[in-house]
Amino acid sequence: MKPALQPFDDALAALLGNATPVAETETLDTLDADGRVLAADLRSTLNVPPHDNTQMDGYAVRRADLARASEQAPVRLPIAQRIPAGHVGRPLAAGEAARIFTGGLVPDGADAIVMQEQASAEGEHVVFTHCPEPGQWIRRVGEDIAADSVILPAGTRLTPQATGLAASVGLARLDVRRRVRVACFFTGDELAMPGEPLRPGAIYNSNRFVLVSLLRRLGCIVHDLGDVPDALQATREALRRAAADNDLIVTSGGVSVGEEDHVKPAVQAEGELRLWQIAMKPGKPLAYGRVRRASATSSDFAHFIGLPGNPVSSFVTFLLMVRPFVLRLQGAHDVAPRALATRADFAWPRPDRRREFLRVRLNERGGLDRFPNQGSAVLTSTVWGDGLVDNPPQQAIVAGDVVRYLPFTALLN
């Protein structure tokens, strides 16, 4: 009897349950920390803004001076000072206004800003026809960030805007998890590299280019071990070499049930296999296990994820399984892509019993078109498409249905 396929969600949960973040950390300049994962909470060193300041170009005033201002009874005040951003004005006395520019510090005594479009300058005076609301156009001290508050929690994967936020509170260096070290190799006697003559029965190894690039995009240190012959001993030797100084081994091919599929028995000989065959399409033969290092202690191992050899299967399983696993190894908390509810402008009348991931792209009407050939070897579908439809098992799709759309933009970084 064939073993039951693991449901996709169960398999992903089991996979992530094995992904303990790397323990080592390093301190980087904030300017170099984009894409890295915070090892500790970031706390603000100051209030933001550090002082009351104006959101608008205009005039700092005392509301009491404008209490009776109207179109019929305008109030005319002298412009006592000029306060550009980065300058400190003197206290504002009763009966005077201060010309102030966006970001300028609100002078003591002022309790509102009148934007310049709602006032009329007349030489060294300014005329007002209304009284502003209390605190109008004033950004209060600490309104955005309070001193000593957590601005980014540990486990945050830093983006350019997040590094900007850290810089905005004066943090010049950040503690981050070290980079994850990943070894990859590719099995198949049929594989050839671009630039080599293509002998009969051979194919060019596209998976090597896709997977190495995807791992580098995730910020991994990648050790590309190249192609490995379809032989059990060669595969075992490659696993031992990969496990020596890497956190994770990723392979492509050799995890199915054919006589020339040696990766699964090689992993079992060099360690243990914990997960195999997922109820997903494409990508059923995905495998997870551990490979012992030379010390052979129970805690000294490298993680192993074996991906299918078909290029679309390899690509999709990387995005949905390997990517969140690597992010979790990096210490990231948020590893799940966000699905968008989007209209299907296609029909899918014969669904599979497995959970399917269909290559689609957005059209100009805001709906999704499906690539005609959903075969697992059709790599052109991943270039034509801009995302996947996450379709439940045995769920037919009728044009107009709302489906779960996973954009590649959320899966490729």
Side-chain angles (χ1 to χ4, degrees), residues 30-31 33-34 38 40-154 156 158-174 334 338:
T30 302
L31 197 58
D34 178 42
L38 287 176
D41 291 347
L42 286 193
R43 291 184 175 273
S44 177
T45 61
L46 44 77
N47 290 309
V48 179
H51 307 281
D52 291 355
N53 66 61
T54 175
Q55 300 180 51
M56 295 284 181
D57 291 348
Y59 299 89
V61 297
R62 291 174 175 265
R63 293 183 65 253
D65 293 333
L66 304 183
R68 293 183 171 81
S70 68
E71 293 285 349
Q72 294 73 31
V75 174
R76 191 170 185 265
L77 299 178
I79 302 173
Q81 57 181 313
R82 186 175 183 274
I83 309 175
H87 294 261
V88 180
R90 61 174 175 78
L92 189 68
E96 63 183 25
R99 182 74 166 109
I100 194 167
F101 299 88
T102 302
L105 273 59
V106 177
D108 290 344
D111 55 10
I113 304 295
V114 177
M115 69 168 64
Q116 62 185 14
E117 292 86 352
Q118 295 179 335
S120 300
E122 294 181 353
E124 296 182 357
H125 289 76
V126 58
V127 176
F128 302 96
T129 57
H130 80 287
C131 183
E133 296 295 323
Q136 188 164 335
W137 301 121
I138 294 177
R139 295 177 68 234
R140 296 297 185 186
V141 59
E143 179 180 291
D144 186 12
I145 300 170
D148 200 42
S149 64
V150 175
I151 58 169
L152 294 168
T156 297
L158 293 166
T159 59
Q161 57 269 39
T163 60
L165 181 62
S168 76
V169 298
L171 297 172
R173 291 175 67 75
L174 306 177
D334 186 9
R338 186 172 300 172

Requested in this report: Compare all side-chain heavy atoms of Ile145 with those of Leu165 and state whether any distance is below 4.5 angstrom.
Outcome: yes

Query raised in the report: To the nearest 0.5 Å, what is the distance between CD (Gln136) and OG1 (Thr54)?
Result: 10.0 Å

Query raised in the report: Counting N and O atoms only, with roles assigned by atom type, does the side chain of Asp57 sit under 3.5 Å from a partner on the main chain of Thr102, one being a donor and the other an acceptor?
Result: yes

Query raised in the report: Between Leu92 and Gln81, does a side-chain contact (heavy atoms from CB on, under 4.5 Å) hold up when you go through it step by step?
Result: CA-CA 9 Å; Leu92 189 68; Gln81 57 181 313; 4.2 Å; yes

Query raised in the report: Does the side-chain contact (heavy atoms from CB on, under 4.5 Å) test come out yes or no for Arg140 and Asp52, once each step is laid out?
Result: CA-CA 5 Å; Arg140 296 297 185 186; Asp52 291 355; 2.9 Å; yes

Query raised in the report: Looking only at heavy atoms, what is the nearest atom pair of Ala119 and Val126, with distance?
Result: CB-CG2, 3.7 Å

Query - side-chain contact (heavy atoms from CB on, under 4.5 Å) between Val114 and Leu66, intermediate numbers included - result: CA-CA 11 Å; Val114 177; Leu66 304 183; 4.3 Å; yes

Query raised in the report: So, the side chain of Thr30 versus the backbone of Leu171: is there a donor-acceptor pair under 3.5 Å, distance only?
Result: yes

Report task. Over all heavy atoms of both residues, which pair between Ala85 and Gly103 is shortest? Give the atoms and the distance, please. Result -> CB-C, 4.0 Å

Query raised in the report: Taking C-beta and beyond as the side chain, do Arg76 and Val127 meet within less than 4.5 Å on heavy atoms?
Result: yes

Query - Shortest non-hydrogen contact between Pro78 and Gly95, atoms and distance - result: CD-O, 3.3 Å

Query - Asn47 side-chain N/O to Ala146 backbone N/O, donor-acceptor pair under 3.5 Å - result: no

Query raised in the report: Has the side chain of Thr156 got a donor or acceptor atom that lies under 3.5 Å from a matching backbone atom of Leu158?
Result: no

Query raised in the report: Taking the side chain as C-beta and beyond, is there a heavy-atom pair between Glu96 and Asp65 under 4.5 Å?
Result: no

Query raised in the report: Which atom pair, heavy atoms only, marks the closest approach of Ala162 to Leu152?
Result: O-CD1, 3.7 Å

Requested in this report: Without swapping roles, check the side chain of Thr129 against the backbone of Pro74 for a donor-acceptor pair under 3.5 Å.
Outcome: no

Query raised in the report: Looking at CG of Asn53 and CD1 of Ile83, how far apart are the two atoms once the value is rounded to the nearest 0.5 Å?
Result: 11.5 Å

Query raised in the report: In Å, rounded to the nearest 0.5 Å, how long is the span from CD1 of Ile113 to CD of Gln55?
Result: 9.5 Å

Report task. Please confirm whether the backbone N or O of Pro132 pairs with a side-chain atom of Arg63, one donor and one acceptor, at under 3.5 Å? Result -> yes

Query raised in the report: From Glu122 CD over to Ile79 CD1, what is the distance, rounded to the nearest 0.5 angstrom?
Result: 9.5 Å

Requested in this report: Find the distance between CD (Glu133) and CG (Asp111) and round it off to the nearest 0.5 Å.
Outcome: 11.5 Å

Requested in this report: Could you pull out the closest heavy-atom pair between Phe101 and Pro84, with the gap in Å?
Outcome: CD1-CA, 3.9 Å

Requested in this report: Is it possible for you to check whether Arg99 lies under 6.0 Å from the centre of the six-membered ring of Tyr59, through NZ or CZ, and within 45° of that ring's axis?
Outcome: yes

Query raised in the report: Above 12 or not: heavy atoms from other molecules or residues under 6.0 Å from CD of Glu124?
Result: no

Query raised in the report: Do you know the tightest heavy-atom contact between Leu46 and Ser168?
Result: CD1-O, 4.2 Å

Query raised in the report: Under a 4.5 Å cut-off applied to non-hydrogen side-chain atoms, are Arg43 and Val150 in contact?
Result: yes

